[in-house]
Amino acid sequence: MARLLRATLMPLAQLGLVVALIGIWAWGSVSGWLDDFSFGSPWDTGAQLSAWLQDGTLLEGAVATLQVLLIGWAIGMAVGVVVGTVLGLSSFANRVAGPYLAFFNGMPRLILYPFLAIWLGFDLTSKVTMVAMVISVPVILTVSSGFREVDADLLANVRLLGAGMPQTIRDVYGPSLAIWVVSTARVTLGYAFQAAIAAEFVGASVGLGYLTVLGQERLDVNQIWAALVAVVIIAWALDGLVSAADRRLLRWMPARG
Amino acid sequence: GGPDPARGPTGAPAEVAIATSGTWITTFAPLWAAAPEMAEIEQKYGTTISYPGFGKGNDALTAMLGGSAAVCNCSFNTALKAALAKDQLAYVVNINKGAGTVAVAATRFETERGTDIAAFDGGTWGFTSAGSISEISLRLAAEHAGIDWSVQDTIAVGGMSAFVPALQSGRVDIAMMDVASAAQAIEDGVGYPVLNTNDLSVFGPIGGTLLGNGLVLPEAFLNDYPELSQDLVNAVVTGLGRVRDVTDPDELLALMPPGFREARADSPTFAREWAFTRPAFLSTDGSSSDQEFRDTTAHGDFGEGELSSPRAGRFLDNSLVDQAYQQLGLPRPVVEPQSTP
Amino acid sequence: MPPATTDIRNDGDDVRPGAVDVPDAPAIRITGVNRVFTRGGSSFTAIRDVHLEVQQGEFLSVVGPSGCGKSTLLNLLAGLAKPDGGTVETFGAPVRGVNPDVGFIFQRDALLPWRTAVQNVALPLRYRGADKRAATEKAREWLARVGLAKFTDSYPHQLSGGMRKRVAIAATLVYEPRIILMDEPFSALDVQTRTLMEDDLLKLWSASRPAVLFITHDLEEAVGLSDRVVVMSASPGHVIGDHVVPLERPRDLLEIRFDQQFTETHERIWDQLRTEVVRSRVD
Amino acid sequence: MPPATTDIRNDGDDVRPGAVDVPDAPAIRITGVNRVFTRGGSSFTAIRDVHLEVQQGEFLSVVGPSGCGKSTLLNLLAGLAKPDGGTVETFGAPVRGVNPDVGFIFQRDALLPWRTAVQNVALPLRYRGADKRAATEKAREWLARVGLAKFTDSYPHQLSGGMRKRVAIAATLVYEPRIILMDEPFSALDVQTRTLMEDDLLKLWSASRPAVLFITHDLEEAVGLSDRVVVMSASPGHVIGDHVVPLERPRDLLEIRFDQQFTETHERIWDQLRTEVVRSRVD
Amino acid sequence: MSTDLSPRPVTDPSGGPADRSADRRRARRRTTVAVVSTQLTLLAVLLGGWALLARDDVWINLVGSPAGVVDQLAEWFADSAFWLDVGLTGLEAALGYGLGVLIAVILVAVIVPLPFLDRFLAPFIAMANALPKIVLAPLFILWLGFSITSKVLFVAAGIFFLIFYGVYSGVRSIDHVLLDNARVLGATRGRIVLDVYLPSIVGWLISSLRLSSAWALTAAVVSEYLGSNSGIGYRIALAQQTLDPSAVIAGIVTVAVLAVLVDQLLVLVERRYTQWRVF
Ligand SMILES: Nc1ncnc2c1ncn2[C@@H]1O[C@H](COP(=O)(O)OP(=O)(O)OP(=O)(O)O)[C@@H](O)[C@H]1O
Ligand SMILES: Nc1ncnc2c1ncn2[C@@H]1O[C@H](COP(=O)(O)OP(=O)(O)OP(=O)(O)O)[C@@H](O)[C@H]1O
Ligand SMILES: [Mg+2]
Ligand SMILES: [Mg+2]
């Protein structure tokens with residue numbers, strides 16, 4: 001009973017917070033405390049959203065962005081995990097790549113999209129590459145440093161039990177790194193969104209990033225909010241998936257509060 | 001409104017920031033050429049004048065609305081939109097007319113298509129970003145040539161620096177560029193000019209006389225610092241007069257602050273740039289007419305009734321310019337006749 | 001923290017050149033081995049000049065005061081660390097990299113926390129190419145044998161200390177390695193479970209006759225199980241006594257304690273050990 | 001992995017309301033306590049309806065088959081987990097949150113890997129406000145007492161298994177808690193070191209007379225040290241036997257084994273335990 | 001500049017007798033030589049590739065040329081205004097970084113002991129994480145002006161999540177026995193944080209700190225790029241407007257080099273705090 005109560009209470013409380021925030025926003029906008037030009041208003045944003053919903057703009061934009069995001073993110077994660085693994089296993093490769101990675105990581109990659117676009121064309125490929133490029137470096141760095149946290153006893157044990165390198169990776173490195181990868185997955189999801197949107201600022205005629213640029217161009221904060229609401233909802237859903245994966249990957253862990 | 005800026009010794013703000021969309025843009029030559037007058041103002045009021053530059057006009061305006069700049073040098077439509085939605089603003093002096101852009105097509109089309117925009121039907125069209133003046137002017141030109149814009153392949157290249165490579169690599173067939181990119185593209189042999197929107201004789205029939213950029217002031221600033229406001233306008237009007245009649249690019253460079261000269265080291269390219277830009281000044285004396293107001297707002301995505309509101313009515317303010325010519329004792333220059341599409 | 005070992009990831013050369021065993025070679029031959037640790041700048045000799053031979057099929061126990069280097073010795077045999085002098089050979093071939101001939105029951109349990117008990121036991125079989133079903137079947141059998149039939153699907157953190165140890169034992173015995181290294185395998189078990197498992201161990205051993213190197217602190221256990229008991233000195237550890245256990249096999253572990261020869265051997269080793277421990281305390 | 005405990009971070013109220021002790025209350029009173037774990041959906045009762053009292057100054061041992069819930073019991077007493085029924089009291093006050101009265105020697109060693117031996121031992125003193133110099137001094141003394149004078153500045157991973165255990169013991173005894181919970185503290189030690197430490201423990205205990213709850217698998221140890229030995233059944237664990245040890249104090253641990261009352265008590269507990277272990281195996 | 005984030009070249013932790021340790025030292029020196037020569041080869045290949053690319057008309061407008069970039073950098077280095085800009089960007093990044101780290105650590109410290117708060121906030125944090133901060137940059141300017149405040153906040157918003165999720169996962173992977181032991185030994189909450197949490201999460205913390213230091217610089221540059229008249233970001237924006245690709249690249253290189261330097265600093269810190277490790 002108590003559990004049931006707790007299970008329903010939490011979403012209610014969360015909903016409550018959302019409603020309260022919108023309430024403050026609405027009140028601020030009515031009372032003039034928040035001026036419409038800088039902060040927009042809930043109803044105008046709502047109206048914009050429903051208009052987009054009706055004419056299909058929103059769906060089209062969301063699909064376009066999601067496509068870039070997911071493909072780019074998957075590629076970025078995969079490249080990151082693979083390269084990170086190589087660097088984690090070979091100290092030589094790691095030492096060679098170190099400065100290059102640090103350099104690349106330090107480069108403001110978000111403003112490089114026009115270069116990519118001209119090189120690869122103003123279509124999906126360049127946007128996906130952009131997303132993958134932005135997130136793969138942090139993934140490489142986290143994964144390769146995760147290797148050092150792996151318990152040496154466990155490694156010794158499976159090697160003695162007869163595990164070869166692939167098995168060691170699967171049975172020891174993989175699960176030990178899972179928690180790192182999952183945490184990276186969350187963070188990179190955020191960066192992937194940034195990159196996808198930044199890419200859509202340029203060279204796009206659909207997508208949520210395009211819609212926000214339009215909002216900026218028209219000085220219409222409501223339009224920016226409306227696009228962001230869509231972004232946030234998608235993000236929330238994706239994060240749900242990540243945490244489901246997290247629960248599945250890490251179910252061996254002692255119960256945590 | 002932002003925080004009240006600290007006051008200098010003479011009661012003027014300690015700093016007057018003029019937010020502009022882009023630094024050392026040739027289109028704003030009158031502003032840069034007003035440097036000596038600005039220095040005098042700094043002296044007179046014990047203030048400092050700065051020019052924070054932004055990638056886009058919107059951001060410059062935003063900076064002013066957010067209170068971190070006192071004055072904005074930005075495009076007419078953007079400022080009007082803000083004036084309707086937020087604080088009352090006034091457009092006190094016009095700096096250039098026309099869209100400030102040049103359509104450039106890839107060299108490979110030069111012999112075959114020339115300046116016939118209609119010939120680009122079905123091709124790829126480049127501009128900076130969706131909703132920008134670059135897109136609008138390109139669309140106007142295309143539609144004027146009888147092209148159905150909605151079926152064209154359009155690409156927002158993002159930044160100005162992407163124009164030349166995009167054209168060169170064949171990613172776009174024709175693009176509406178800022179003058180600097182256009183000059184560069186042509187100088188590099190990548191493209192050839194198709195249409196200069198600064199040239200009223202060409203663009204007038206297409207989009208009418210567009211009010212380009214100008215100084216925009218919050219009304220509060222005007223009321224608080226009437227004298228300073230007037231002096232700023234005087235400076236720009238002086239600057240405008242200074243550059244208007246200069247045909248020799250080197251002579252022009254000599255009028256510019258060192259920063260500008262540094263940024264325009266390549267003189268043949270700058271010569272082209274100047275050739276493209278100058279018509280934008282020939283068609284203005286700093287003031288703006290109601291007809292121009294109508295032409296410009298026609299492309300501005302305004303709501304019904306918005307433009308007839310009293311706020312819109314107060315936006316355009318030629319009085320300071322008129323006053324400037326009186327105070328300065330300068331004759332009003334002859335302006336090219338207005339043209340409507 | 002694990003006892004530090006040289007990194008096993010560096011030397012991938014698991015393939016031992018001497019894979020062709022010398023037929024009559026002892027299962028284990030350790031000659032003049034040293035192991036030195038640097039600790040905060042100064043170096044510390046954990047074992048010095050250790051000589052030890054274990055014949056194929058022999059069951060040898062090692063006893064010695066805490067910290068005398070017993071675990072260190074096993075690490076060398078397993079190839080998890082390299083000696084700083086001397087040679088370590090199994091079946092006549094020097095140990096290079098991780099030694100595929102040995103099964104190792106660690107002093108600290110090293111189960112994979114993300115695998116259930118049965119998956120942990122099935123692991124070595126799977127590594128040896130058994131198919132999943134067969135491996136799981138056999139693992140289940142073994143878990144039943146160590147009294148954990150009801151806990152096959154528990155994760156290690158859900159097991160008690162003794163249970164984890166039993167899983168680790170099952171995981172090593174299940175694949176019948178030719179050499180078994182056991183580091184205090186039964187110390188976390190209650191007397192009864194312990195006796196049962198000792199019995200099991202002896203049965204298994206007499207069936208497939210691996211060489212066993214068994215570390216324990218329980219002298220009765222050492223004498224009861226082994227053919228030979230080796231006593232190590234306090235650090236720097238080296239072999240100071242080698243006692244043959246003159247008891248017949250098969251042995252009944254409960255009965256044997258009352259055998260006179262058992263008591264005598266026990267007494268002899270005990271005496272030697274006592275002196276040693278007192279010495280190590282005094283230093 | 002540690003046995004999972006209900007999350008102890010939930011209740012920040014470490015301050016026990018009943019800080020004013022009831023003078024004659026038993027040091028430990030456990031009444032009708034259950035502890036249930038959920039494991040892969042189904043629930044599993046680790047201990048059921050356990051009743052246990054330990055008087056102030058009493059030395060009590062608990063024995064029982066592996067996995068019967070002994071560690072679970074200690075976790076409840078230390079306030080690291082909450083019972084799923086029944087009450088757990090120390091000095092007459094219910095245990096809420098971490099119990100500040102107890103010292104706990106864990107079955108698995110729990111030294112901070114990033115602190116040297118002496119720092120680990122000094123920790124509880126520092127937590128109790130001792131200044132650094134005094135704490136280090138005392139910690140050094142204690143390390144010497146457990147035979148680790150030469151290893152004060154080693155990190156845990158540089159110590160052998162038995163050494164780590166000794167550091168943990170020193171870290172608990174050093175601050176003289178009123179209740180000491182010990183989970184197989186000596187099982188990783190060799191016989192001699194073990195005897196020395198048992199002696200030390202008895203000396204310390206008779207000096208400050210804490211209540212001790214001692215878990216061991218070594219019946220001789222249990223009988224030799226305790227006033228009373230409690231036998232737990234196989235899971236779900238509960239108390240099935242309570243044996244008073246009718247031996248005089250002070251005791252000489254080496255001599256006492258030959259005392260007839262010792263042998264009798266030992267025999268009696270052994271019999272009960274055997275039946276229990278066999279039962280747990282058969283289930 | 002060896003910037004390995006992954007396990008250090010794990011050498012034998014035990015020294016060994018003199019002849020062996022000399023052997024090992026020699027071996028180590030040999031690997032270092034191999035590493036450096038491979039790095040240099042790679043560098044040569046990359047620079048060569050770039051130089052080749054720059055001979056192409058399209059590409060030189062995009063990526064400039066190595067010579068152009070070097071010229072530009074030389075010119076900047078001699079210019080005190082450039083160093084002021086570097087200082088400004090660095091200041092914005094540092095302040096934003098400090099702020100972001102502070103908020104993230106405080107939030108973790110509040111959330112971890114209060115699981116209901118954790119569950120309550122989780123979706124909001126996830127949403128905020130996904131919010132493209134780059135869209136917010138203009139709004140920050142609108143709300144806060146183009147003052148240093150807006151940039152600092154922008155930077156903080158950019159790196160907050162890296163730190164937050166990093167520290168949070170670190171806390172989750174802590175060994176419970178250590179916690180329990182410390183609590184039983186009488187550690188107060190503060191001491192537990194100092195003695196158990198911090199040392200256990202050092203690996204996570206440092207790795208997130210290292211990742212986010214680069215992002216902090218990026219964020220500072222992006223916010224300058226989007227609106228400012230000083231800082232390296234502004235120099236990049238200016239170079240784009242004046243169609244000077246070499247200057248764009250020079251700006252980007254400056255930022256990246258700055259990031260590498262900061263990273264090296266953090267590596268030193270890391271060495272200091274992870275000595276106890278086995279490796
Ligand atoms: N990584 C290391 N660095 C420094 N010293 C070490 C290291 N590992 C072990 N030692 C030292 O080597 C000696 C032998 O340790 P070892 O673990 O082999 O002892 P042991 O005989 O197994 O003891 P126990 O019975 O207590 O497990 C000890 O003094 C220990 O401190
Ligand atoms: N977190 C957990 N989840 C599920 N089951 C658990 C958990 N912790 C302990 N158990 C179960 O509770 C029972 C008692 O465990 P406990 O650790 O108390 O045993 P013990 O008496 O200390 O055994 P040993 O002597 O082997 O240490 C065991 O069956 C164990 O599997
Ligand atoms: Mg050992
Ligand atoms: Mg236990």
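Below, chains carry the letters A, B, ... as their sequence lines are ordered, and counting in each starts from 1.
- Of the listed residues (E/Val36, E/Val222, E/Thr31, E/Thr38), the one with the most heavy-atom contacts under 4.5 Å to chain A is E/Thr38.
- For E/Leu43, the parts lying near chain A are the backbone and the side chain together; criterion is any non-hydrogen pair under 4.5 Å.
- For E/Ala34, the parts sitting under 4.5 Å from any heavy atom of chain A are the backbone and the side chain alike.
- Most heavy-atom pairs under 4.5 Å with chain A, from the set E/Val255, E/Val221, E/Leu217, E/Leu162: that is E/Leu162.
- When heavy atoms are compared at a cutoff of 4.5 Å, E/Val248 approaches chain A solely by way of its side chain, counted from C-beta outward.
- Residue contact with chain A, scored on non-hydrogen atoms closer than 4.5 Å, involves the backbone of E/Phe161 exclusively.
- Interface residue E/Thr32: backbone and side-chain heavy atoms are both found under 4.5 Å from chain A.
- Annotation: the span from A/Leu141 atom CG to E/Leu211 atom CG amounts to 5.0 Å, rounded to 0.5 Å.
- If you take CE on A/Met77 and CG on A/Leu189, they are separated by 9.0 Å, rounding to the nearest 0.5 Å.
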Exercise. For side chain to side chain donor-acceptor pair (under 3.5 Å), just list the numbers for A/Tyr113 and A/Ser126, CA-CA rounded to whole Å, side-chain angles, deciding distance to a tenth of an Å, and then say yes or no.
Key: CA-CA 8 Å; A/Tyr113 180 68; A/Ser126 64; 2.7 Å; yes
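- Atoms CH2 and CZ, on A/Trp25 and A/Phe39 in that order, are 11.0 Å from each other to the nearest 0.5 Å.
- Of the two parts of E/Val257, the backbone and the side chain both hold a non-hydrogen atom closer than 4.5 Å to a non-hydrogen atom of chain A.
- Contact annotation for E/Leu261: neither backbone nor side-chain heavy atoms come within less than 4.5 Å of a heavy atom of chain A.
- Rounded to the nearest 0.5 angstrom, E/Ile111 CD1 and E/Phe116 CZ are separated by 10.5 Å.
- Across A/Val137, A/Leu228, A/Val231, the residue that shares the most heavy-atom pairs under 4.5 angstrom with chain E is A/Leu228.
- Annotation: A/Trp73 is not in aromatic contact with A/Phe193 [ring centroid separation under 6.0 Å not met].
- A side-chain donor-acceptor contact under 3.5 Å links A/Gln14 to the backbone of E/Phe120.
- Atom CG of E/Leu258 is separated from atom OG1 of E/Thr89 by 8.0 Å, given to the nearest 0.5 angstrom.
- For E/Phe124, the part lying near chain A is the side chain, with the backbone staying farther off; criterion is any non-hydrogen pair under 4.5 Å.
- Proximity to chain A (any heavy atom under 4.5 Å) is shown, for E/Leu42, by both the backbone and the side chain.
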